[in-house]
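Data first, discussion second: the structure below is written as structure tokens.
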Amino acid sequence: MDYNFKDIEKKWQDIWDKNKTFAASDDYSKPKYYALVEFPYPSGQGLHIGHPRPYTAMDIVSRKKRLQGYNVLFPMGWDAFGLPTENFAIKNKVHPALITEKNIERFKGQLKMLGLSFDWDREVNTTDPDYFKWTQWIFIQMFKKGLAYKSEMAVNWCTSCKVVLANEEVVGGVCERCGGEVVHKVKSQWMLKITEYAQRLIDDLSEVNYLDKIKTTQKNWIGRSEGAEVDFTTSEGDILTVYTTRPDTLFGATYMVISPEHPILKKWESKLKNNDAIFEYQEKSARKSDFERTEMAKEKTGVKLDGVYAINPVNNREIPIFISDYVLMGYGTGAIMAVPAHDTRDYDFAKVFDLPIIEVVKGGDVTKEAFTDCATGIMTNSGFLDGLSVEDAKVKIKDWLEETGKGKKKVNYKLRDWVFSRQRYWGEPIPIVHCDKCGYVPIPESELPLTLPEVESYMPTDNGESPLSTLDSFINTTCPKCGGPAKRETDTMPQWAGSSWYFLRYCDPHNDKELASKEALNYWMPVDWYNGGMEHTTLHLLYSRFWHKFLYDLGAVTTKEPYMRRTSHGMILGEDGQKMSKSRGNVINPDDVVNEYGADSLRLYEMFVGDFEKTAPWSTKSIKGCKRFLDRVWALQDMLIDGDDYRDELKASFHKTVKKVSEDIENLKFNTAIAALMSLINEIYATKQINKAELKTFITLLNPFAPHITEEIYENVGFGGMLNEQNWPEYDETLCVDDTIEIVAQINGKVKAKLVVSVDESKDDVIAKVKSEPRIQNAISGKNIIKEIYVPGKLVNIVVK
RNA sequence: GCGGAUGUGGCGGAAUUGGCAGACGCGCUAGACUUAGGAUCUAGUGGGGUAACUCGUGAGUGUUCAAGUCACUUCAUCCGCACCA
């Protein structure tokens with residue numbers, strides 16, 4: 001009987017579907033396990049060969065947990081708002097909802113074809129009004145708490161997508177999605193105050209089990225720094241406040257630099273003697289795109305403000321003020337004190353403009369380069385700070401600043417507030433109206449969801465407004481507060497909105513009273529294990545933690561953090577080691593692979609290919625090896641003999657394998673779990689037989705990885721019931737050790753012989769045996785034995801001279 | 001520049017607290033069975049050497065009875081951030 005994977009896989013997928021085998025139960029008395037994968041964007045291309053990697057991994061975890069008696073929630077859904085769908089709609093004049101529906105159907109079919117044990121009764125779709133009703137509801141709550149606000153500001157504008165981008169969406173100065181040029185544009189935008197949560201987003205990382213690199217990336221992105229604000233008085237009597245992490249170097253501040261956009265420039269206009277040059281410089285930096293600005297990062301440019309100066313508060317020296325685009329308006333105060341001796345950028349600038357460089361920390365050579373080392377330097381030329389270490393000087397100067405009222409301690413973050421408006425059609429409408437009398441007013445919650453109107457064209461307008469702005473019937477409304485005429489907000493939310501809380505909806509997906517019931521959230525949350533891409537560490541992961549914390553403050557959820565554990569998978573590359581892309585012609589289609597080798601082989605291959613966290617190139621040859629392994633598993637049926645316990649010669653191997661597979665799944669080491677099963681089958685083949693107890697354990701261990709073939713064998717053999725209803729095998733630690741062990745005999749650390757001894761043999765006996773080995777005798781004869789090292793169960797090392 | 005990784009056979013990759021380097025798979029070689037083999041089974045497979053032996057985890061130094069693993073130095077590659085004061 002051949003292994004006919006096509007029929008077998010179809011058969012079991014239908015059975016699982018019909019029986020709702022993997023539906024999470026609402027019986028809250030059972031122990032729960034919530035396993036989560038990132039829901040995909042249902043693109044027109046269909047499933048990528050990389051998708052099954054994380055999905056299979058968490059499917060394995062879910063299937064194992066079910067066998068271990070947990071009530072498992074392993075849901076799936078669609079993050080379906082987004083630009084590609086909208087662009088397709090524009091091009092082909094079809095409603096994005098129709099395209100989305102079609103794409104979802106295709107994706108769903110492909111996921112089912114892989115035998116993933118999702119609970120399809122809990123499917124969510126971010127574009128479903130019953131879903132985004134609650135996305136809008138959360139936004140309104142944020143608005144009410146002052147965390148959503150509208151602000152006139154310079155934003156990143158993609159000239160190709162004609163849409164505002166969040167800072168996180170600008171990569172290398174260009175649009176993350178289309179690679180188009182990104183320029184600055186001043187627009188009125190909805191913003192979310194994620195900065196208010198910056199500290200908590202750092203602090204609470206200590207309560208969760210994320211991979212260290214994920215925690216590090218999040219911390220770096222939030223970018224906390226400790227320093228001080230220092231007030232400089234100017235010749236005009238204004239206070240110019242700077243932020244610095246090196247207040248200890250205040251005596252070395254020989255000039256100041258403010259951002260070209262700094263508002264104080266307007267105020268000083270009448271005092272300044274070189275307004276033309278200043279204006280020209282401002283114009284030039286405003287025109288620069290982010291890309292150009294980073295390109296130019298090497299050469300320092302700027303203009304000295306002629307007519308005003310500042311006074312260094314620590315020594316009352318008069319120092320010049322410059323504008324330069326290396327000072328950013330968006331960080332700190334938009335103004336800096338420049339200490340060229342101890343800051344590389346200030347040093348470069350000082351060299352260009354021939355400004356004095358005063359050493360205030362000894363330890364380097366400031367005639368050659370800036371000395372920035374904080375750990376070893378000693379203060380000098382710094383009045384009351386002289387002789388102190390940098391660390392001590394920081395403390396002392398901060399105290400001095402606070403005592404004299406010339407400054408204060410200050411913590412700063414690189415994280416900025418989240419630009420939340422998009423000038424697009426295919427997104428959640430922002431549920432706010434603007435009334436001339438009442439300002440911005442949220443629409444009543446009873447009117448949610450605020451759905452998208454039908455429009456003629458999905459094309460964003462050239463002046464940067466949303467397609468919704470052309471629709472008078474949508475825009476014109478009445479103010480919920482005063483009843484007067486009002487206009488609706490025409491911007492929509494970014495794609496990150498719907499994915500910031502979807503894991504909560506899975507807990508109670510059909511609830512029309514609240515985003516999910518308290519009972520459901522109490523039982524299911526937090527997510528026990530969330531796996532997703534590294535590329536979402538600074539976007540989705542941070543955003544969703546922020547929303548969750550907000551909902552926690554609101555009392556809508558009961559846990560501070562949404563995810564207890566976060567891991568990350570590596571990408572699947574093309575066979576040539578390059579990223580898969582149509583243009584390279586190295587794309588592998590999952591449909592073809594499943595058709596040729598079967599879903600079980602594909603699942604096995606993607607788990608076996610290498611370290612789960614690392615990228616791995618696709619290899620058609622390797623998947624054949626996995627198929628071959630399954631063929632061998634299938635053939636075990638022909639070797640079947642009776643027996644209700646493991647045979648003695650395989651007992652230890654079985655216990656060891658159960659232990660290894662159980663542990664490896666928990667530790668994200670699917671590749672070695674499969675290797676252990678391969679080793680075991682090799683041992684079984686050597687005996688040419690397998691008994692029923694052994695077969696049952698073997699296919700149960702393999703079931704999470706290859707669910708179809710194992711279920712089929714289970715049925716064929718007639719064990720009774722279904723494999724997915726059985727128990728995960730147990731192991732006995734004491735039975736994991738063999739009766740005899742191989743001991744390595746070394747001379748001076750080099751292996752000379754190997755011998756088999758029984759486990760309970762004493763140290764002296766083992767050493768005596770080692771010494772009686774001919775090769776050892778050879779090596780020690782005529783030499784002095786200096787030392788004998790005995791590592792129980794491992795080796796004996798004899799040191800001779 | 002800063003931050004995070006990674007470096008092991010022909011290839012993908014294994015290796016608790018330092019304790020047999022190369023598990024498992026691919027590929028390759030030989031044999032068996034076959035009309036056939038791009039199927040299957042069995043055996044072999046890091047380099048050098050007939051052999052005893054010896055050399056081997058990017059490079060170098062050190063610690064140790066013992067180092068892929070620890071320390072220091074260095075090189076290369078990848079990823080993220082990038083004038084964050």
Side-chain angles (χ1 to χ4, degrees), chain A residues 171-173 211-214 216-217 219-221 223-225 227 242-247 249 257 259 290 293-294 296-300 324-328 330-339 342-346 348-349 372 412-416 534-535 537-538 570-571 577 604-605 608-611 613-626 628-629 631-632 635 663 669 671-682 685-686 688 742-754 775 778 786-800:
Chain A
V171 174
L211 295 178
D212 281 342
K213 61 176 175 183
I214 296 176
T216 309
T217 308
K219 280 184 196 158
N220 288 347
W221 190 263
R224 179 194 153 98
S225 69
V242 304
Y243 171 73
T244 177
T245 55
R246 294 294 303 274
T249 62
V257 187
S259 160
D290 270 1
R293 220 167 140 154
T294 38
M296 316 279 236
K298 327 243 141 61
E299 269 296 294
K300 292 282 179 289
S324 174
D325 62 6
Y326 87 87
V327 175
L328 311 170
Y331 182 76
T333 61
I336 61 155
M337 64 177 213
V339 184
H342 305 291
D343 180 283
T344 315
R345 296 151 303 173
D346 298 345
D348 295 344
F349 191 85
T372 56
N412 240 321
Y413 303 92
K414 290 185 198 171
L415 188 70
R416 323 250 178 108
M534 229 15 228
E535 71 274 18
T537 306
T538 50
M571 244 192 311
L604 210 57
Y605 167 73
F608 185 61
V609 66
D611 186 333
E613 293 179 52
K614 294 197 193 127
T615 55
W618 176 264
S619 161
T620 299
K621 274 179 183 159
S622 273
I623 195 174
K624 282 184 184 164
C626 293
R628 202 173 292 164
F629 168 67
D631 284 333
R632 281 158 70 83
E663 290 174 354
K669 299 179 77 164
N671 53 338
T672 49
I674 294 168
L677 288 168
M678 287 173 167
S679 289
L680 184 57
I681 206 171
N682 288 344
Y685 262 71
K688 297 192 168 66
E742 200 179 53
I743 291 278
V744 173
Q746 297 179 330
I747 299 292
N748 294 342
K750 301 209 162 161
V751 181
K752 292 289 171 188
K754 293 174 184 179
R775 288 191 59 200
N778 232 337
I786 294 168
K787 213 169 175 183
E788 288 167 349
I789 290 132
Y790 172 70
V791 182
K794 292 247 158 82
L795 59 76
V796 171
N797 187 16
I798 299 173
V799 185
V800 299

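So that the names make sense, note that chain A is the first sequence line, chain B the second, and so on, each numbered from 1.
Separation of the P atoms belonging to B:G12 and B:U73 is 30 Å when rounded to the nearest angstrom. Distance noted for atom C1' between B:U77 and B:G31: 43 Å (whole Å). Straight-line distance between the P atoms of B:G60 and B:C65: roughly 23 Å, to the nearest whole Å. Rounded to whole Å, the separation between the P atoms of B:G18 and B:G25 comes to 30 Å. Nucleotides B:G62 and B:U69, compared at atom P, are 14 Å apart to the nearest Å. Rounded to whole Å, the P atom of B:G22 lies 9 Å from the corresponding atom of B:G46. Between B:A21 and B:G56, the distance separating the two P atoms is 13 Å to the nearest Å. Comparing the same atom, C1', in B:U61 and in B:C28 gives a spacing of 39 Å after rounding to whole Å.
A:Ser622 contributes no side-chain N or O that, together with a main-chain N or O of A:Ser619, makes up a donor-acceptor pair within less than 3.5 Å. Of the possible donor and acceptor atoms, one in the side chain of A:Asp343 sits under 3.5 Å from a partner among the backbone N and O of A:Asp346. The backbone N or O of A:Gly625 lies less than 3.5 Å from no partner atom in the side chain of A:Tyr605, so there is not a single donor-acceptor pair.
The salt bridge (Lys or Arg N to Asp or Glu O under 4.0 Å) test applied to A:Arg224 returns A:Glu226, not counting sequence neighbours. Shown here are the ring-ring contact (aromatic ring centres under 6.0 Å, His included) partners of A:Phe349, two or more places apart in sequence or in another chain: A:Tyr255, A:Phe322, A:Tyr326, A:Phe353. Under the ring-ring contact (aromatic ring centres under 6.0 Å, His included) criterion, A:Tyr243 pairs with no residue at all, not counting sequence neighbours. The side-chain hydrogen bond (donor to acceptor under 3.5 Å, both in side chains) check on A:Asn748 picks up nothing, with sequence neighbours excluded. Under the side-chain hydrogen bond (donor to acceptor under 3.5 Å, both in side chains) criterion, A:Glu535 pairs with no residue, sequence neighbours left out. Residues passing the side-chain hydrogen bond (donor to acceptor under 3.5 Å, both in side chains) test with A:Arg628: none are found, sequence neighbours excluded. Partners of A:Glu788 according to the side-chain hydrogen bond (donor to acceptor under 3.5 Å, both in side chains) rule, which considers only residues two or more places apart in sequence or in another chain, are A:Lys771.
A:Lys213 NZ: more than 12 foreign heavy atoms inside a 6.0 Å radius.
For the pair A:Ile786 CD1 and B:A66 P, the interatomic distance rounds to 11 Å; values are reported in whole Å. Between A:Met534 atom CE and B:C78 atom P there is a gap of 18 Å when expressed in whole angstrom units. Taking atom NZ on A:Lys624 and atom P on B:G27, their separation rounds to 8 Å, with Å as the unit. At whole-Å resolution of the value, NZ in A:Lys414 and C1' in B:A82 are 8 Å apart. The CG atom of A:Asn682 sits 9 Å away from the C1' atom of B:C24 (whole-angstrom rounding). Regarding A:Glu788, its CD atom lies at a distance of 15 Å from the C1' atom of B:A66, rounded to whole Å. What separates CG of A:Leu680 from P of B:G25 is a distance of 12 Å, to the nearest Å. Regarding A:Tyr331, its OH atom lies at a distance of 14 Å from the C1' atom of B:A82, rounded to whole Å.
Mapping A:Asn748 and A:Gly332 onto RNA chain B by nearest heavy atom places A:Asn748 closer to the 5' end of the strand. Each of A:Lys621 and A:Thr245 lies near RNA chain B, and the nucleotide nearest A:Lys621 is the one positioned closer to the 5' end.
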- Step by step, work out the side-chain contact (heavy atoms from CB on, under 4.5 Å) result for A:Thr249 and A:Met337. CA-CA 10 Å; A:Thr249 62; A:Met337 64 177 213; 3.8 Å; yes
- Check step by step if side-chain hydrogen bond (donor to acceptor under 3.5 Å, both in side chains) holds for A:Ser225 and A:Tyr331. CA-CA 12 Å; A:Ser225 69; A:Tyr331 182 76; 3.2 Å; yes
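B:G9: glycosidic angle within 90° of 0, hence syn.
Contact of the A:Val800 side chain with the A:Ile747 side chain is registered, since non-hydrogen atoms from C-beta on lie closer than 4.5 Å. When side chains are defined from C-beta on, A:Ile674 does not count as touching A:Thr672, because their heavy atoms never get closer than 4.5 Å. By the 4.5 Å heavy-atom criterion applied to side chains, A:Val744 and A:Val796 are not counted as neighbours. Counting heavy atoms from C-beta on, the side chains of A:Asp348 and A:Glu299 never come closer than 4.5 Å.
Counting only Watson-Crick or G-U wobble pairs whose defining distances are both under 3.5 Å, the stems of 3 or more consecutive pairs in RNA chain B are B:1-7 with B:75-81, B:10-12 with B:24-26, B:27-32 with B:40-45, B:46-48 with B:53-55, B:58-62 with B:70-74.
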Tabulated below should be each protein N or O lying under 3.5 Å from an N or O of nucleotides 40-47 of chain B; please produce it.
from: B:C41; atom 1: OP1; to: A:Arg632; atom 2: NH1; distance (Å): 2.9

Between the protein and nucleotides 61-63 of chain B, list the N/O to N/O atom pairs that are separated by less than 3.5 angstrom.
none

Set out, line by line, the N/O atom pairs under 3.5 Å between protein and nucleotides 53-55 of chain B.
from: B:C53; atom 1: OP1; to: A:Arg775; atom 2: NH2; distance (Å): 3.1
from: B:C53; atom 1: OP2; to: A:Arg775; atom 2: NH2; distance (Å): 3.0

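Close to B:C65, at under 4.0 Å from its OP1 or OP2, lies a side-chain N or O of A:Lys787.
Heavy atoms of A:Ser225 sit under 4.0 angstrom from primed sugar atoms or phosphate atoms, though from no base atom. Among the atoms of the strands shown, only primed sugar atoms or phosphate atoms (P, OP1, OP2) are found under 4.0 Å from some heavy atom of A:Gly625. Here A:Ser679 lies in heavy-atom contact (under 4.0 Å) with sugar-phosphate atoms only. Heavy atoms of A:Val799 sit under 4.0 angstrom from primed sugar atoms or phosphate atoms, though from no base atom.
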- In B/S/- notation, 5' to 3', how is nucleotides 10-19 of chain B contacted by protein heavy atoms closer than 4.0 Å? --BSSS-B-B
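For the atom pair A:Ile743 CD1 and A:Lys754 NZ, the distance stands at 12.5 Å (nearest 0.5 Å).
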